[in-house]
Structure formats: C-alpha cells, structure tokens
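First up is the structure itself, then whatever we jot down about it.
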2 protein chains.
Amino acid sequence: MPVIIPAGTTANPRAKTSGKSSAKSAANPPKVTIEVVAKRAGVSKGLVSFALNNRPGVAPETRVRILQVAKELGWKPSLRARSLSTQRSYALGLVIARNPDVLASDPFFPSFIAGVESILAPEGRALVLSVVPDEETELRTYRSLVADGRVDGVFLSDLRHGDPRIPLLAGLGLPAVTLGRPDGPSPFPAVTVDDTPGVMASVAHLVALGHRRIAHVAGSSTLLHGSRRSGAFTSALREAGLPEGQTVETDFSVAAGSDATRRLLTQDTPPTAIVYANDPMAIAGLGMAHELGVRVPDDLSITGYDDIDFCRYVYPPLTTVSAAPMVWGRAAASTLLALMENGSANDVDLPAARLVIRGSTAPSRG
Amino acid sequence: MPVIIPAGTTANPRAKTSGKSSAKSAANPPKVTIEVVAKRAGVSKGLVSFALNNRPGVAPETRVRILQVAKELGWKPSLRARSLSTQRSYALGLVIARNPDVLASDPFFPSFIAGVESILAPEGRALVLSVVPDEETELRTYRSLVADGRVDGVFLSDLRHGDPRIPLLAGLGLPAVTLGRPDGPSPFPAVTVDDTPGVMASVAHLVALGHRRIAHVAGSSTLLHGSRRSGAFTSALREAGLPEGQTVETDFSVAAGSDATRRLLTQDTPPTAIVYANDPMAIAGLGMAHELGVRVPDDLSITGYDDIDFCRYVYPPLTTVSAAPMVWGRAAASTLLALMENGSANDVDLPAARLVIRGSTAPSRG
DNA sequence: TAGCCTTTCTAAACCGGTTCAGGTTTGGTC
DNA sequence: GACCAAACCTGAACCGGTTTAGAAAGGCTA
C-alpha cells in the first residue's frame with residue numbers, strides 16, 4: 001500500500017511560511033511569484049506583468065531589468081492565476097464520439113493527435129481529450145468543457161450531416177476548427193483534405209484494369225466523409241459509363257466490413273472489385289475473401305482508404321488512398337491557434353489524398 | 001474567412017456592467033458567482049463554499065437553503081477560481097512516448113483511454129493527453145505538466161527497465177499509477193494485468209499441438225512488458241522440456257514484425273510456430289507467410305497478443321491473448337483517483353490475460 | 001512660468017473561489 | 001444566574017496573476 005507524500009511546496013497551500021523571513025534555511029524553496037520578482041526588481045507587480053507580456057508603457061531599460069530578474073529567479077507565471085484572471089485556459093479540446101471498437105481499429109486519431117501535439121507543445125498549450133460513447137454525451141461534454149472553461153477552442157472531427165455541434169459551439173462562442181467542410185453554414189474555418197479524388201482515382205484505376213462490376217463498402221452515411229466517399233464512388237462509375245454499382249453501408253467497423261464482403265461475394269454474380277471506405281474494412285474484406293476461397297487479386301481486386309501501416313504488410317499489400325493525418329493535425333492546430341489569436345482564420349485545403357497502388361488490385365478476369 | 005465573435009459574457013472579462021444595476025435588459029446574463037448565491041441566500045461567501053463542499057459546521061437547514069438557492073440560480077463554482085485557490089487542476093495526465101507509426105497500429109491506447117474517460121467524466125475531471133516522440137521530450141513534458149499545474153496525477157504506461165519517470169515523478173511529488181509493476185522501487189500503486197500466463201498458455205497450446213520448433217518475435221526489450229513476455233516465452237519452452245527457441249527482438253512495429261518473420265521463415269529449418277509479442281506484428285507475419293508461400297496454419301502456426309479487433313477478421317483468424325485495455329483503463333483511473341483522495345491506494349491485479357484459440361494454430365506437420 | 005501632453009510607473013480593484021481566526025448564539029451544567 | 005463548550009456563521013486574507021485609474025516626472029509649447 002504505497003503512500004504518497006506530496007512534495008515540499010505542494011503540501012499545504014495555506015501553510016504559513018513559518019515566522020517572518022525566518023532563517024533562510026534550505027527547507028522550503030520559497031515560491032517565486034510575481035510579487036517576489038517585482039520587489040526584487042524594485043517595481044510594482046503590474047509593471048512586471050506588463051514587461052512579461054511585452055506591452056507598451058514600460059521603459060526599455062526597465063523592461064530588460066525586469067526580465068533579467070525574472071530569469072535569475074526562475075520565475076514562471078502561474079498558469080492557474082493567469083487562467084483565472086484572463087478567463088482562458090491555454091488548452092484545446094478534442095472530443096471523439098465513437099464506439100471504442102471502431103476507434104481502436106482506426107489509426108487516424110493517434111496520428112492526428114501526434115500532429116496536433118507537435119504544434120501545441122512548443123506553444124505551451126495542452127490538449128484535453130474526451131472519448132465518449134454517443135452523441136448525447138458528446139454534446140454534454142462540449143457544454144461542460146465550456147462551462148468549466150477547460151479549453152479555449154476545439155477540433156471538430158467526424159463531421160455529420162447538419163452537424164448539431166456547429167450551432168452549439170457557435171452559440172457557446174467557442175472557437176473551433178472543422179476537419180473537412182461541413183454541409184451547412186458554419187462560422188468556423190475548415191481544414192480539409194479532399195477525399196473525392198482518391199476515391200475517383202481508385203475507381204478509375206479499377207476500370208482501367210478492366211473491371212466492370214465494382215462494389216462499394218461505404219462507411220456510415222451520417223458521417224460526412226462517409227457519404228462523400230460513396231458519392232464520389234457513384235459519380236466515378238457514372239463518368240466511366242458504367243451502370244450503378246452496389247453499395248453496402250456500414251458503420252466503418254471491421255466486423256461490418258467483413259459482413260458486407262460476405263454479402264457481396266456470395267451473390268450469384270459477385271463484383272470483381274470492391275472499393276472500401278477505409279482500410280480496416282478492406283483488411284477484413286481480404287480475410288473474408290480468403291475464407292470464401294476468393295483469391296485476391298486474381299478473382300477480386302480491393303482498395304482501401306487511409307493507407308494505414310498495415311496496408312503494406314498484409315498479403316497481398318493493399319492498394320489504398322493515402323491521407324496524411326499527422327499533417328492534418330498540424331494544419332488544424334495551427335489554424336485553431338490563428339483563429340484564437342486573430343479572431344479569424346482562413347480555410348486550409350491540404351493536398352488531396354492520392355492513390356497508392358499495391359498488390360491487391362489486378363486486371364479483371366471476370 | 002470566417003470571423004468568430006466571442007459570445008456575450010466571454011467577450012471582455014473586464015467589461016464594466018454598464019451603469020449600476022442598469023435596467024435588467026436581457027442583454028448580459030449576469031454571471032452567477034458564489035457572491036451572488038451568498039447574497040441571495042443571505043449568508044457569507046464562506047458559508048456557501050462550506051455548504052457546497054459539504055463540510056461540517058453548517059446547520060442542516062442552512063445547507064439545504066444554500067444548495068436550493070444555488071440550484072435555482074444555476075450556479076456552478078468556477079473551476080478556474082477553485083484551481084487557483086486549491087492549487088489543484090482536477091485533471092489527470094497521460095503522456096505517450098511512441099513513434100507515431102507504432103502508436104497508430106496499436107489499438108491499446110484508444111481503448112485504454114475510453115476506459116479512463118468512463119471513470120473521469122462522471123467525476124468532472126478531464127484527461128490531458130500528450131503524445132511525444134522521444135524519451136527526452138517525455139520527461140520534459142512531465143516537468144512542464146507539473147510546473148504549469150495542468151494535472152493532479154498521471155498514468156505511467158509503457159514501463160521501462162529502471163524507468164526514469166518514477167524517480168522524476170516521486171521527486172516532483174506528483175501522484176501516479178503505473179500500468180504494470182515496475183522493476184525497481186516505486187512509491188506508486190501498480191495496476192497490473194499479468195501477461196505471463198497468456199504467453200505461457202500460447203506456448204503450451206502450441207506444444208500440445210505437437211510443435212517443437214517455436215520461435216518468438218519479441219517487442220522491445222527496453223519495455224518491461226516486452227521483456228517479460230519474452231521471459232515468459234523462454235521459461236514456457238523450458239518447462240515443456242524443449243530446447244531454447246529463437247527470439248527476434250523488434251520495436252513492436254508492423255514493419256519489424258514483417259521483417260522478423262521473413263528472417264525466421266527463410267532459414268534452413270524454419271520454425272513451425274511463431275509466438276508474436278503483439279497482434280499487429282502477428283498480422284504482418286501472416287502477410288509475410290502468405291507472401292512466402294507458407295500456409296497458415298498448415299505449415300506454420302502463429303499466435304498474437306492483445307486480441308485487437310482485427311484478429312477475428314483476418315484469415316485465418318488469429319489465436320491470441322486477450323487483455324482488456326478498457327477494463328485496465330477503468331481500474332487505473334479509479335486507483336489514481338483513490339490515491340489522490342486518500343494519499344494512498346492499493347495495488348490492483350486484474351484477471352490475467354487469457355488465450356483465445358482461433359484458426360491460426362493447428363497441429364504441427366513439421 | 002504656466003499649461004498641457006507623454007511617458008513611466010504605482011496602487012488598488014478584480015478574477016471567483018477556499019480557508020481560517022474569531023464573533024455570536026445556543027444549550028447544558030452546576 | 002454564571003460559566004463553558006459546541007455549533008454556526010462572518011469577515012477578511014489568500015491563491016497569483018491582469019488591468020485600470022490616476023500619480024509623478026519630464027518635455028514641449030505659448
């Protein structure tokens with residue numbers, strides 16, 4: 001039963017500093033506050049604050065002296081005090097509303113977050129993460145993040161049709177950045193990776209290989225990128241002059257991808273190619289094809305979306321569309337910071353995801 | 001170029017409330033602070049605080065009245081003010097030091113975090129997440145989380161040999177919980193899922209199937225669970241009376257798992273079974289076996305570790321060891337909260353991970 | 001030399017809670 | 001009725017910054 005004894009200064013915030021300036025015993029390193037710096041520099045608290053946040057009205061030499069003293073004493077302004085005073089938290093939020101299973105098999109967020117962090121950390125901002133099971137909890141979470149003043153801005157991922165979070169956040173006055181362009185009006189800047197070209201390229205690639213019966217295992221249509229990918233699929237077929245292809249809607253989960261594949265392949269005239277809306281489903285589809293004795297890519301070509309690490313190492317390696325979640329995270333973080341700094345920020349369009357051709361696609365024999 | 005106009009009350013913290021009690025226009029909903037509640041309830045601020053934090057010394061009826069008024073006015077104490085005053089942040093931290101690639105293919109953290117959240121959210125605590133690229137940054141991150149008072153406690157994952165974070169955090173006086181038992185002295189409670197039995201069971205299972213040449217694709221030996229798993233592998237072989245097996249050390253990445261598999265299978269007398277230290281590597285191994293024309297499970301049996309969602313849907317489905325990261329997250333969060341509450345907490349031993357037998361293992365023909 | 005800006009700086013209010021020393025009641029005991 | 005302790009409550013200090021009103025000093029103009 002380990003016992004934790006809080007360290008020196010943290011112990012009791014209200015602890016009297018025993019006596020007056022009691023012998024400078026090496027006991028409690030006295031906390032360095034703005035007061036101490038001010039006294040030592042022979043100026044008032046206020047002026048130290050001004051010097052720190054370099055605002056006008058401080059004589060140049062005075063400013064230098066103050067900063068010098070601050071450095072000597074190793075003073076770092078207290079984030080908490082500053083938070084109370086400025087009504088800001090210097091942290092950003094990310095709320096992920098996903099079934100843990102789906103989340104677990106989708107490597108998007110870890111990479112995205114790594115990208116976000118690479119921008120936030122040097123700025124001294126933190127990321128507050130929430131993972132919630134459903135939409136209701138999600139909205140409640142946003143409300144309480146705001147009510148508690150935990151964050152100064154948020155990232156909006158997994159955009160949905162008529163996304164309720166947008167009016168909610170706009171109403172709460174919380175700055176936000178959307179990952180992708182929402183379908184309704186939005187006061188927030190959007191950081192977008194267009195996924196249409198990647199899907200269209202997949203279809204074009206398959207058509208060029210001679211495939212005519214191409215099916216699509218789509219993600220959830222309530223998710224904007226889900227429905228946009230399947231829209232792209234449909235119009236790519238049309239452009240190629242092919243009849244409408246089969247589309248099976250799923251929830252993006254591995255299990256659903258597997259099921260959908262079984263349904264498609266056990267028909268009388270199964271497709272010769274399947275375009276999946278994400279990689280995990282494509283990998284599950286690959287497994288199902290094996291199980292059914294359908295050879296990939298000989299009997300069936302498949303393509304995924306995201307280019308997760310696995311793609312290169314399954315057999316055959318997966319033809320897929322490569323987005324760059326880390327770059328996306330970086331761009332989103334920069335944009336959100338700019339928005340908070342300036343009150344406005346431009347939309348950012350990142351390079352469209354591109355098709356990476358590997359071994360899971362081959363000429364049609366159908 | 002969207003422009004965000006901060007909402008009403010958030011606008012300017014210093015904004016005078018225009019005039020005195022200027023016409024109760026529906027303009028600015030006046031902020032409800034503890035002062036307002038106190039005045040309305042006819043008591044002092046202090047007493048409201050006491051009532052809220054139900055501490056002794058408040059007459060029962062008074063307490064009820066105060067809480068009643070608070071509810072009527074919809075008062076929620078300001079987290080920021082409370083933070084400054086109590087020197088606590090009501091948030092917990094998780095710092096993940098991993099190469100983004102490895103992180104992305106490992107579903108442990110998303111599930112773990114979902115578990116953590118399920119405990120924290122109802123308690124009104126937040127999770128501050130950092131993803132950092134290397135150990136140096138990691139230690140710096142801990143220091144600054146403490147210096148900024150961002151968190152009141154942290155989770156220590158991916159324990160290493162002689163982990164430097166333990167003395168660091170002990171020195172900083174920050175409560176922590178370790179995921180697994182560290183190899184050195186630690187003042188922190190450990191929440192553990194013993195992974196030895198799972199690995200031993202894997203080996204036993206393979207031995208029972210008649211395998212004699214069993215190899216191990218291990219994770220990084222600097223990671224405690226990496227070396228423990230390979231230790232378990234070695235002693236399981238010994239117990240079975242088999243000669244020492246081949247072990248290839250990796251960094252847990254999919255790429256390394258693939259490489260290791262190629263090395264093992266292209267030898268003169270390749271193993272008839274491979275025990276992988278995690279699922280992603282096992283799945284990559286499966287792909288490599290396919291590529292080399294080695295049939296699984298006919299020519300080669302393989303086992304993984306973690307039981308990620310994919311296991312069930314690759315072909316053949318993967319025999320693996322099922323830990324329960326979500327449960328682990330829950331337990332770790334509860335333990336950390338208990339530690340912070342009471343100053344001490346007991347170690348927790350969760351049920352050991354258990355073997356799940358699927359199609360990737362079969363009797364040896366070697 | 002008075003009058004008026006500017007620049008530099010200080011003092012004090014403020015953010016919104018928590019906590020502590022001490023003041024009033026209340027009730028019980030002898 | 002005096003004394004005392006316990007219960008309840010208030011006022012003020014405190015956490016550590018930011019911000020504003022205005023004081024002090026210096027420079028310029030008329």
Side-chain angles (χ1 to χ4, degrees), chain A residues 9-17 30-66 70 73-90 124 147-150, chain B residues 9-17 30-66 70 73-90 124 147-149 152:
Chain A
T9 67
T10 320
N12 177 1
R14 290 289 183 272
K16 289 268 149 113
T17 339
K31 232 182 179 177
V32 181
T33 71
I34 198 173
E35 269 288 355
V36 178
V37 174
K39 204 155 290 173
R40 180 75 164 266
V43 297
S44 68
K45 295 203 307 179
L47 207 61
V48 175
S49 177
F50 276 31
L52 178 77
N53 301 306
N54 43 22
R55 310 194 6 174
V58 184
E61 329 141 33
T62 315
R63 177 187 309 277
V64 170
R65 180 161 44 89
I66 291 175
L73 298 177
W75 175 62
K76 267 202 61 179
S78 148
L79 188 72
R80 289 199 266 247
R82 202 199 276 238
S83 274
L84 176 58
S85 188
T86 60
Q87 305 286 44
R88 293 190 290 140
S89 59
Y90 306 93
D148 290 349
R150 290 258 191 209
Chain B
T9 67
T10 320
N12 176 0
R14 291 288 183 271
K16 288 269 149 118
T17 340
K31 233 183 180 178
V32 182
T33 70
I34 198 173
E35 269 288 355
V36 179
V37 175
K39 204 156 291 174
R40 182 74 165 269
V43 297
S44 67
K45 293 205 309 179
L47 206 61
V48 175
S49 177
F50 275 32
L52 178 75
N53 301 306
N54 43 25
R55 311 201 356 180
V58 184
E61 329 140 33
T62 314
R63 177 187 308 276
V64 169
R65 179 161 45 90
I66 292 175
L73 297 176
W75 174 63
K76 267 202 60 178
S78 148
L79 189 72
R80 288 199 266 250
R82 203 199 276 238
S83 275
L84 177 58
S85 185
T86 60
Q87 305 286 42
R88 294 191 289 141
S89 58
Y90 305 93
D148 290 349
D152 300 328

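Excluded from the calculations below are hydrogen atoms, water molecules and symmetry mates; all remaining heavy atoms, backbone and side chain alike, are included. In what follows, every chain begins at residue 1, and chains take the letters A, B, ... in the order their sequences are listed.
Side-chain nitrogen and oxygen atoms of B:Arg55 include at least one within less than 4.0 Å of the OP1 or OP2 phosphate oxygen of C:dT19. Residue B:Gln87 has a polar side-chain atom (N or O) positioned under 4.0 Å from OP1 or OP2 of D:dG16. In terms of phosphate contacts, B:Trp75 brings a side-chain nitrogen or oxygen within less than 4.0 Å of OP1 or OP2 of C:dG17. Side-chain nitrogen and oxygen atoms of B:Thr33 include none within less than 4.0 Å of the OP1 or OP2 phosphate oxygen of C:dC15.
Distance, A:Leu47 CG to C:dT10 P: 6 Å, rounded to whole Å. Atom P of nucleotide D:dG16 and atom CD of A:Glu35 are separated by 10 Å, given to the nearest angstrom. Summarising the geometry, the separation between CZ on A:Arg88 and P on C:dG16 is reported as 16 Å, rounded to the nearest angstrom. Between A:Leu79 atom CG and D:dT18 atom P there is a gap of 11 Å when expressed in whole angstrom units. Rounding to whole angstrom units, CG of residue A:Leu73 and P of D:dG17 are separated by 12 Å. A:Glu61 places its CD atom 15 Å from the P atom of C:dT7, with the value rounded to the nearest Å. Rounded to a whole Å, the CZ atom of B:Phe50 is 11 Å from the C1' atom of D:dT10. Regarding B:Arg82, its CZ atom lies at a distance of 18 Å from the P atom of D:dG16, rounded to whole Å.
You'll find a donor-acceptor pair under 3.5 Å spanning the side chain of B:Ser85 and the base of C:dG17, going by distance alone. With hydrogens and angles left out, the side chain of A:Lys45 and the base of D:dG17 share a donor-acceptor pair within 3.5 Å.
As judged by a 4.0 angstrom heavy-atom cut-off over every strand, A:Gly149 is placed among residues making no nucleic acid contact. B:Ser49 comes within 4.0 angstrom of a nucleotide base, judged by non-hydrogen atoms across all strands. Across all strands, A:Val48 comes closer than 4.0 Å to no nucleic acid atom at all (heavy-atom distances). Counting any heavy atom pair closer than 4.0 Å across all strands shown, B:Ser83 reaches no nucleic acid atom. Within the nucleic acid shown, B:Arg63 has no heavy atom closer than 4.0 Å to any nucleic acid atom.
In summary, of the residues considered (A:Val37, A:Val58, A:Ile66), a side chain to side chain contact (heavy atoms under 4.5 Å, CB included) with A:Val43 occurs for A:Ile66 alone.
With contacts defined as side-chain heavy-atom distances shorter than 4.5 Å, the pair B:Arg82/B:Leu52 qualifies. Between B:Asp148 and A:Lys76, some side-chain heavy-atom pair lies under the 4.5 Å cut-off. The closest side-chain heavy-atom distance from A:Arg65 to A:Thr62 is below 4.5 Å.
Among the nucleotides D:dG16, C:dA11, C:dG17, the one closest to the side chain of B:Ser78 is C:dG17. Of the candidate nucleotides D:dC8, D:dG17, D:dC15, D:dC8 has the atom nearest to the side chain of B:Pro60. For B:Thr86, the side-chain atoms get nearest to C:dT18 when compared with the rest of D:dT18, C:dC15, C:dT18. Nearest nucleotide to the side chain of A:Pro77, out of C:dC9, D:dT18, D:dG17: D:dG17. Distance from the side chain of A:Ile34 is smallest to D:dG17 among D:dG17, C:dC15, D:dC15.
When every heavy atom of A:Gly149 is checked against every heavy atom of B:Arg80, the shortest pair comes out as O-NH1, 3.0 Å.
In this structure, the separation between CZ on A:Arg63 and CZ on A:Arg55 is 10.5 Å, given to the nearest 0.5 Å.
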